[in-house]
Asks: 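First, the structure itself, so that you have it in front of you.
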Amino acid sequence: MRDSVLTADVPLGPFDGHLVPVFATKGKASKLHAHLRCPRLRVDGAVASEAPLDAVTIARMCSVCAHHGDWDRPDSGVGLFLRALGGHRGLLSQLQEYTEADPDDEVTQEKAEGAAEILRAEPVPEEDETYNEDRDARDEAEHLRDLVLSRWRDAAGSLHLVESVVVKFPWLADWARPKTVLKEEYLQTLRERAGLFVDAMGLLEAAAAASLDIPELPTDDEAFSAIGDRKEVAGRLRSMWFRWQGAAADVWGLPGDHLVTYQAVGGISSRRKGYDEARRAAERLLASWEEEACRVARISDPGVTVTLTAHLHEPSDEDPYSQQRERRLLSGLDNWTIGVLLTYLTGADWGRRQLTFRAPQLIVDQLLARTSFVRCEPEPPGAPTTAGEASPLGPGVFDDTPVHQRRPLTAEHLRLLSAAPGAEDQLYTVFSTDAGTEVLPFKELQRRAARGWRGVLLASSADLPAALIVLWSEAIGQRPEEPSALWRERMREADDPLFGERLGLEAGAERAAWLVSRDRPWVREFNLRLLAVARGVPDLRSLDSGYDRAGRSRSLPRAVWQGLLAHGQDLDLEPFEAPDDSTWKRSGSGIPLGVLAQVQVYSVNADPRYQGKGTRRSAPTSANAVSSRTTTCSPSRTCSVTQSSTGAASAGGATRSAA
């Protein structure tokens, strides 16, 4: 296991001297701990205090806490900095990985050369008596090839993790440079070893195959009569072409095997008259395509090269597995692109995911055409490689300085913040000169920053004083055992003293606090913090960022929506939505809103099926529901919801969105 303990020689940059909370028993020589949960801290007699983050404090740190302790809130600047250093994926650990050859490495240079030689040789025919021996040798060679490629990918991913941290915290660059140089040298060694398995001409032939347009297919050839009529023959041959081209474009050599030709005769009985003739004709057709690809590769001039800059795509923020994929930086690339990278790479800025190639025009054309995992742009020969500089993280970006010292948020800051536990689940109070003070969910902040929004973060919902939240939680009380206390009677007469009680602030807070699993009591306080911040938001649509690819809510938990809205969340505009053929969704009619698009509906709840919540022209006068919300139906099939309070209590029944 690699040692990732924070030591006094690590440069702290602008965080040097920053006060961090510590716990220790009495005594000047006692060890400092990051939290009371540390197994090495005797809780009896432990005292909480603050200490400057410096060499003296680091020397007194408990070894467990120095390894992976959170010495400040994980979503603060110093917390993010220390988190980037510690742990298995942190800088301190990664600097020790892939710096030299492993003595136990089963793939030595000699073994790699031997395996590459076996794979370059023609396979022994099945009828040959040495076929089984040759097959076993090729299987072993392929296994060694895959190990070399895997180790090279992992080494590249480790170097990326190191350099990306240095980009964010540039004061670490000089200190980390000696180890980074060792990693770069070992990565080059692995690249050269993996390159033994790649044939440059095979890459050219694959690029040529990918560049070909579909040829005229011999649908009238009598040799294919066993397949069926002309239409059936055309379909089979087109399928064979696209399978061949797709396979040829993704390998380091042309795939002239029976799996491709099977597309033409698959499903046809081998005893049918003309079957053998059709199969041989398909093989001849395949051979003609491969011959054409080889011809195009030969006439291309490999001596004329072009410089190209490629940017590896960032993992999607919506992908729940993006953190796992980050380590295997190159795992998403197809085989052909990997081969090009091994053969033609001339420079790399792994921290910024930027690679530079110098390759033949045919190769460059195909790289420019493949945008699934890389974004390429041509670069004139001799032009310097450039990359946008990320704003380094220091005090003042998050909540570790007074507000008047805050610095503007950037997309890179938010990407770093997303790694902090629970950061994406908070609501953030931000300020910008365009919109003033707003409350936004994390995903909306990311979208705005990506578009160049300039603003500062004032606080998150986690920053609310605990004293307020604790008192509020105690006033709400514990969740009753009887469900009826939570789901109160819906229908009451207008003269009933409890008419409208479900629409007040008190009932909303009860829902947010009580709709929590009993085995997760900490969620109660979390919900109340979100509810407290969200109650001041005038347009509830701004809190709804939809769902991620795993189906999880990216904004407020349902219990908090219940606390805001008291019952229903949606105004049903589905009849106005566009028709949808999905089997899981009721299809709309596509009826336009027309003149209704700008109509404002004043209500405490837009669903008239429930008492006290029908459409109104003014705010209700009930003592427990004295606020009104304005709903605007828009052509985009959303409801713009605004809220204005006219008393101490507010209704909880407005809709947030119906898109």
Side-chain angles (χ1 to χ4, degrees), residues 119-126 138 142 197-270 272 274-302 304 333-340 342-344 359-372:
L119 294 178
R120 281 195 295 269
E122 288 292 329
V124 173
E126 290 188 26
R138 295 182 72 83
E142 289 175 356
F197 297 93
V198 183
D199 177 35
M201 181 53 68
L203 294 175
L204 277 172
E205 292 173 352
S211 68
L212 296 178
D213 294 327
I214 184 170
E216 183 177 351
L217 301 174
T219 56
D220 294 328
D221 191 338
E222 287 297 325
F224 294 115
S225 59
I227 294 177
D229 58 21
R230 189 174 185 275
K231 182 178 180 181
E232 178 69 12
V233 171
R236 294 283 188 123
L237 296 184
R238 283 178 62 86
S239 177
M240 177 178 161
W241 162 265
F242 288 117
R243 180 184 176 93
W244 170 81
Q245 188 177 50
D250 190 37
V251 295
W252 303 334
L254 296 177
D257 57 42
H258 69 281
L259 293 178
V260 175
T261 56
Y262 181 78
Q263 292 296 115
V265 295
I268 300 174
S269 173
S270 60
R272 178 183 292 187
Y275 172 85
D276 291 336
E277 186 178 357
R279 180 175 55 81
R280 287 192 294 269
E283 291 174 351
R284 290 193 299 271
L285 186 60
L286 175 64
S288 71
W289 295 341
E290 295 192 347
E291 183 179 347
E292 176 63 13
C294 292
R295 186 190 69 81
V296 172
R298 286 194 303 270
I299 64 176
S300 66
D301 188 350
V304 178
L333 301 182
D334 59 74
N335 291 330
W336 182 84
T337 304
I338 287 291
V340 170
L342 289 169
T343 307
Y344 297 109
Q361 185 66 57
L362 189 60
I363 297 290
V364 168
D365 290 342
Q366 281 305 306
L367 278 174
L368 291 171
R370 301 183 184 210
T371 58
S372 297

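These figures come from a predicted structure and were not determined experimentally. Start at 1 with the first residue, then count along the sequence.
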Asks: Between Glu277 and Arg280, is there a salt bridge with N-O shorter than 4.0 Å?
Replies: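 The answer is no: the pair does not qualify as a salt bridge.
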
Asks: What distance separates Leu368 CG from Gln361 CD, expressed to the nearest 0.5 Å?
Replies: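 These two atoms lie 8.0 Å from each other.
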
Asks: Kindly give the heavy-atom pair with the smallest separation between Ala359 and Val364, and that separation in Å.
Replies: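 It is O-CG2, 3.7 Å.
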
Asks: Taking the side chain as every heavy atom from C-beta outward, state whether Leu212 and Trp241 have any atom pair closer than 4.5 Å.
Replies: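 Answer yes - side chains close enough.
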
Asks: Do you know which two heavy atoms are closest between Ala210 and Ala249, and how far apart they sit?
Replies: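 Taking Ala210 first and Ala249 second, the nearest heavy atoms are CB-CB, 3.6 Å.
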
Asks: Give, for atom CD of Glu291 and atom CZ of Arg284, the distance between the pair rounded to the nearest 0.5 Å.
Replies: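 Going from CD on Glu291 over to CZ on Arg284, the span is 13.5 Å.
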
Asks: Which atom names give the shortest non-hydrogen contact between Leu119 and Arg138, and what distance separates them?
Replies: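 Closest approach of Leu119 to Arg138: O-NH2, 3.6 Å.
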
Asks: For Gly339 and Leu203, work out which heavy atoms get closest and say how close.
Replies: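 Closest pair (atom of Gly339, atom of Leu203, distance): O-CD1, 3.6 Å.
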
Asks: Atom CD of Glu232 and atom CD1 of Ile227: how far apart are they, to the nearest 0.5 Å?
Replies: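 CD1 of Ile227 is found 7.5 Å from CD of Glu232.
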
Asks: Please tell me if the side chains of Gln245 and Trp289 come closer than 4.5 Å, counting only heavy atoms from C-beta onward.
Replies: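 No, their side chains stay 4.5 Å or more apart.
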
Asks: Tell me every residue that passes side chain to side chain donor-acceptor pair (under 3.5 Å) with Asp213, counting only those two or more places apart in sequence or in another chain.
Replies: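 Here no residue qualifies.
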
Asks: Might you point out which heavy atoms bring Ala293 and Ala208 nearest each other, and give the distance in Å?
Replies: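 Answer, listing the atom of Ala293 first, then Ala208: O-CB, 3.3 Å.
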
Asks: Check for a donor-acceptor pair, side chain of Ser300 on one end and backbone N or O of Ala297 on the other, with a separation under 3.5 Å.
Replies: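 Yes, the answer is positive, given that a donor and an acceptor are paired below the 3.5 Å cut-off.
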
Asks: Could you tell me whether the side chain of Asp334 and the main chain of Thr337 form a donor-acceptor pair under 3.5 Å?
Replies: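 Between the backbone of Thr337 and the side chain of Asp334 there is a qualifying donor-acceptor contact (under 3.5 Å).
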
Asks: Is there a side-chain contact between Ser211 and Asp365, using heavy atoms and a 4.5 Å cut-off?
Replies: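 Result no, sub-4.5 Å side-chain heavy-atom pair not found.
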
Asks: Checking Ala207 now: which residues fulfil side-chain contact (heavy atoms from CB on, under 4.5 Å) with it, not counting sequence neighbours?
Replies: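 Once residues adjacent in sequence are excluded, the partners of Ala207 under the side-chain contact (heavy atoms from CB on, under 4.5 Å) criterion are Trp336, Leu362, Ile363, Gln366.
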
Asks: With the side chain counted from C-beta on, respond yes when Leu217 and Arg238 share a heavy-atom pair under 4.5 Å apart, and no when they do not.
Replies: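 Counting from C-beta outward, Leu217 and Arg238 do come under 4.5 Å.
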
